[in-house]
Amino acid sequence: MAASERYDYIIVGAGSAGCVLANRLSEDPTNNVLLLETGGSDRSVFIQMPSALAIPMNMPRYNWGFESEPEPWLDNRRLDCPRGKVLGGSSSINGMVYVRGHGADFDEWEEHGAKGWGYRHCLPYFRRAETWTEGEEGDGDEYRGGDGPLTTSNGNGMISPLYGAFIDAGKQAGYLETDDYNGYQQDGFGPMHMTAANGVRASTANVYLKPVMGRKNLRIIMFAECDRILMDGTKATGVRYRRDGGYIDVHADKEVILSAGSVGSPVILQRSGIGPAHVLRNAGVEVIADRPGVGANLQDHLEVYFQFECNEPITLNGQLSLFNKALIGARWLLFKDGLGATNHFESCGFVRSKPGIKWPDIQFHFLPAAIRYDGRLAFDGHGFQVHVGPNKPKSRGSIEILSRDVERKPKILFNYMQHPDDVEAFRNCLRISREIMHQPAMDRFRGKEIQPGADVTSDADLDAWIRQHAESAYHPSCTCKIGADDDPHAVLDSECRVRGIGNLRVIDSSVFPTITNGNLNAPTIMVAEKAADMVLEKDPLPASNAPYYVSPDWQTKQREGTPLRKLDAAA
């Protein structure tokens with residue numbers, strides 16, 4: 001490839017945001033678009049079959065394989081931080097859970113200086129992205145989309161009785177029920193939604209990129225790792241990337257757009273001389289723009305697996321022999337249905353951890369198996385678990401390059417549990433989880449508590465167990481945040497432009513000012529949909545007037561219709 005090759009737009013990263021941008025920016029045939037991706041094809045059956053999600057997540061071919069520094073508040077454990085390195089990015093290796101977040105999350109963004117990113121502005125882009133298959137066919141409503149690229153559904157329709165029992169247990173514990181946590185009311189227990197279409201993973205590669213790969217004005221280069229942004233003073237002019245052992249320069253006449261994710265985007269900025277001056281100098285990089293917020297403000301969701309033995313042989317633990325896996329895979333290959341066609345997270349809950357919290361800060365993912373993300377069983381027998389953790393952490397971490405060398409991984413420190421409020425919130429998570437699991441709806445199924453263990457009850461014991469067993473929920477974000485002009489740590493303006501640098505934007509989950517209340521794929525896609533209109537200088541979609549639910553007595557009571565009981569004594 002000639003070093004003088006030119007494009008209008010260069011997009012770095014073909015992930016959850018980059019595939020959306022490639023589709024939207026190339027809709028105009030006069031725009032010449034280049035999409036660079038470090039990884040390769042996503043054609044593997046392990047990526048496309050929803051139930052195989054743990055396999056690509058643990059394969060170096062598809063996963064960057066980042067890990068944290070020893071986390072000082074988690075007994076100095078290093079935690080995995082998987083990120084997708086393949087077409088579709090993390091949307092090709094994630095758990096396919098579709099959670100937009102609470103409406104108040106986006107109003108919080110606006111309060112942090114992200115003008116035009118309130119819920120009323122974001123909801124129309126959630127709708128534009130989506131086809132919701134559980135409503136009337138082909139129809140949306142004021143919350144759900146009816147004709148967007150991204151198919152969302154309720155999975156296999158909760159065929160296991162454990163899903164319904166978990167929802168009933170939440171109601172018996174005094175919480176609300178919700179038939180659509182992505183609509184008006186997130187609070188409560190109900191079916192969980194997933195990104196799958198006709199039994200196949202609905203990654204952004206599948207639903208945004210592949211339908212437009214034939215466009216003559218869109219070029220996709222795989223196995224192309226971005227080294228740095230080319231600069232003319234403080235103006236971005238292109239990208240240098242590495243491929244087949246060599247370095248190649250390409251140039252952008254309009255804009256360079258980083259969509260390399262919450263780890264990749266700040267790392268590329270720092271390698272390009274844009275970031276905290278002391279970090280750049282220590283790494284041997286010339287400082288072009290001292291931006292202390294690049295790589296700062298790192299936020300993630302931490303979770304634990306609350307596990308029980310099951311009294312009946314009805315869990316997925318009985319389906320995990322090589323023979324049964326082969327049968328499941330064969331059925332999926334032939335018909336795209338059965339146990340291979342779901343992520344198995346088909347019921348969930350969103351609740352508040354204590355009085356005085358305006359919107360839910362705890363999320364439950366229920367799974368009819370006792371197993372880890374790496375596929376290892378918790379024990380020899382039948383079991384079930386709920387993944388639970390606080391969704392609005394106050395601890396903040398950072399990502400810093402250690403060298404100019406593109407092959408050297410960055411220093412990632414989340415500082416999980418540094419803030420004492422996060423410690424209290426996690427204790428409440430476990431106590432609430434235990435109370436829900438001991439409701440009558442679970443009596444038929446509930447056996448021995450595998451972990452934490454029924455004897456882990458005191459604050460000290462709970463804290464120790466959390467430090468030893470908490471894991472990342474794989475939602476790193478917020479490392480290049482949008483913010484107000486007077487915020488020295490705001491990397492971007494409200495149109496995702498890097499402050500003080502011409503022709504350069506960041507569009508991915510790193511732009512979030514604060515982490516949303518749930519999984520991050522849905523809001524990342526929304527950000528890319530909305531930012532695409534900004535890049536193209538289109539008028540934004542008309543703002544929505546649809547309301548969202550906030551408990552009217554949130555300042556005094558946590559549960560609907562019942563007083564606080566066990567939580568009062570524990571808080």
Side-chain angles (χ1 to χ4, degrees), residues 3 5-7 9-15 17-18 21 34-38 64 66 83 221 224-243 246-298 398-412 478-482 488-493 495-511 535:
E5 191 160 346
R6 311 191 73 88
Y7 299 87
Y9 299 102
I10 299 174
I11 304 166
V12 178
L21 292 167
L34 172 65
L35 177 64
L36 299 175
E37 169 54 42
T38 303
W64 280 95
F66 297 119
R83 297 286 86 200
I221 304 178
E225 183 172 7
C226 179
D227 173 43
R228 64 182 175 91
I229 302 158
L230 301 176
M231 303 290 294
D232 181 3
T234 57
K235 177 183 176 181
T237 61
V239 164
R240 175 168 295 169
Y241 68 91
R242 185 178 66 162
R243 192 171 192 266
Y247 288 84
I248 301 168
D249 290 354
V250 286
H251 299 275
D253 291 331
K254 292 184 178 179
E255 292 189 8
V256 173
I257 302 170
L258 293 184
S259 295
S262 54
V263 177
S265 288
V267 163
I268 293 169
L269 286 175
Q270 290 176 13
R271 282 204 301 260
S272 304
I274 304 166
H278 71 281
V279 172
L280 305 186
R281 293 191 182 104
N282 289 340
V285 175
E286 179 185 357
V287 179
I288 292 176
D290 181 8
R291 295 290 180 269
V294 174
N297 194 45
L298 174 62
S398 62
I399 296 176
E400 300 176 354
I401 60 169
L402 298 172
S403 167
R404 179 69 186 75
D405 185 356
V406 70
E407 292 189 359
R408 188 167 182 185
K409 291 182 178 179
K411 174 184 175 183
I412 303 174
C478 309
T479 48
C480 297
K481 73 173 184 177
I482 301 171
H489 284 85
V491 177
L492 310 175
D493 67 15
E495 295 203 349
C496 299
R497 296 175 293 214
V498 178
R499 293 184 182 277
I501 303 294
N503 297 351
L504 179 61
R505 298 190 206 231
V506 180
I507 302 172
D508 53 35
S509 63
S510 68
V511 313
V535 173

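We use all heavy atoms of the structure for the numbers below, so side chains are in, but hydrogens, waters and symmetry mates are not.
The two residues Leu35 and Gly18 have their closest heavy-atom pair at CD1-O, 4.1 Å. Across all their heavy atoms, Cys226 and Val12 have their closest contact at CB-CG1, 3.6 Å. Ala224 approaches Arg243 most closely through the heavy-atom pair CB-CD, 4.3 Å. What you find for Pro488 and Pro292 is that their closest heavy atoms are O-CG, 3.6 Å. Between Cys496 and Ile507 the shortest heavy-atom distance is CB-CG1, 4.0 Å.
When side chains are defined from C-beta on, Val491 does not count as touching Val506, because their heavy atoms never get closer than 4.5 Å. Counting only heavy atoms from C-beta outward, the side chains of Leu492 and Val498 approach each other to under 4.5 Å. When side chains are defined from C-beta on, Ile288 counts as touching Met231, because their heavy atoms get closer than 4.5 Å. Using a 4.5 Å cut-off on side-chain heavy atoms (C-beta onward), Arg242 and Val406 make contact. Looking at Ile399 and Val267, their side chains come closer than 4.5 Å, going by heavy atoms from C-beta outward. In this structure the side chain of Ile257 reaches within 4.5 angstrom of the side chain of Val535, judged on heavy atoms. You'll find the side chain of Asp227 reaches within 4.5 Å of the side chain of Tyr247, heavy atoms only. Side-chain contact check for Asp508 versus Ser262: every heavy-atom pair is 4.5 Å or farther apart.
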Side chain to side chain contact (heavy atoms under 4.5 Å, CB included) between Val294 and Thr479: does it pass, once the steps are laid out? CA-CA 6 Å; Val294 174; Thr479 48; over 6 Å; no
May I have the step-by-step check of salt bridge (charged side-chain N to carboxylate O under 4.0 Å, His left out) for Glu225 and Arg240, ending in yes or no? CA-CA 9 Å; Glu225 183 172 7; Arg240 175 168 295 169; over 6 Å; no
Worked verdict on Leu36 versus Ile11 for side chain to side chain contact (heavy atoms under 4.5 Å, CB included): CA-CA 6 Å; Leu36 299 175; Ile11 304 166; over 6 Å; no
Walk me through it: do Arg505 and Glu255 pass the test salt bridge (charged side-chain N to carboxylate O under 4.0 Å, His left out)? CA-CA 7 Å; Arg505 298 190 206 231; Glu255 292 189 8; 2.6 Å; yes
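Checked by atom type and distance alone, the side chain of Ser510 never pairs as donor or acceptor with a backbone atom of Ser265 at under 3.5 Å. Asp290 places a side-chain N or O within 3.5 Å of a backbone atom of Ala277 that can act as its donor or acceptor partner. The closest donor-acceptor contact from the side chain of Lys481 to the backbone of Ala296 lies at 3.5 Å or more, if one exists at all. Under a 3.5 Å cut-off, the side chain of Asp232 and the backbone N or O of Lys235 do not form any donor-acceptor pair. A donor-acceptor pair is defined here as one N or O able to donate and one able to accept, closer than 3.5 Å; such a pair exists between the side chain of Asn297 and the backbone of Cys478.
Taking 4.0 Å as the cut-off between side-chain N and carboxylate O, Asp253 and Arg6 count as a salt-bridged pair.
If you take OH on Tyr9 and NZ on Lys254, they are separated by 4.0 Å, rounding to the nearest 0.5 Å. We find the CZ-CD distance between Arg404 and Gln270 to be 12.0 Å, quoted to the nearest 0.5 Å. A distance of 10.0 Å separates CD1 of Ile401 from CZ of Arg408, quoted to the nearest 0.5 Å. Considering CD1 of Ile221 and OH of Tyr241, their distance stands at 3.5 Å, rounded to 0.5 Å. With values rounded to the nearest 0.5 angstrom, Arg83 atom CZ is found 9.0 Å from Phe66 atom CZ. With rounding to the nearest 0.5 Å, the separation of CZ in Arg291 from CD1 in Ile274 is 8.0 Å.
The side chain to side chain contact (heavy atoms under 4.5 Å, CB included) with Ile229 is formed by just one residue from the set Leu269, Ile10, Asn503, Thr237; it is Leu269.
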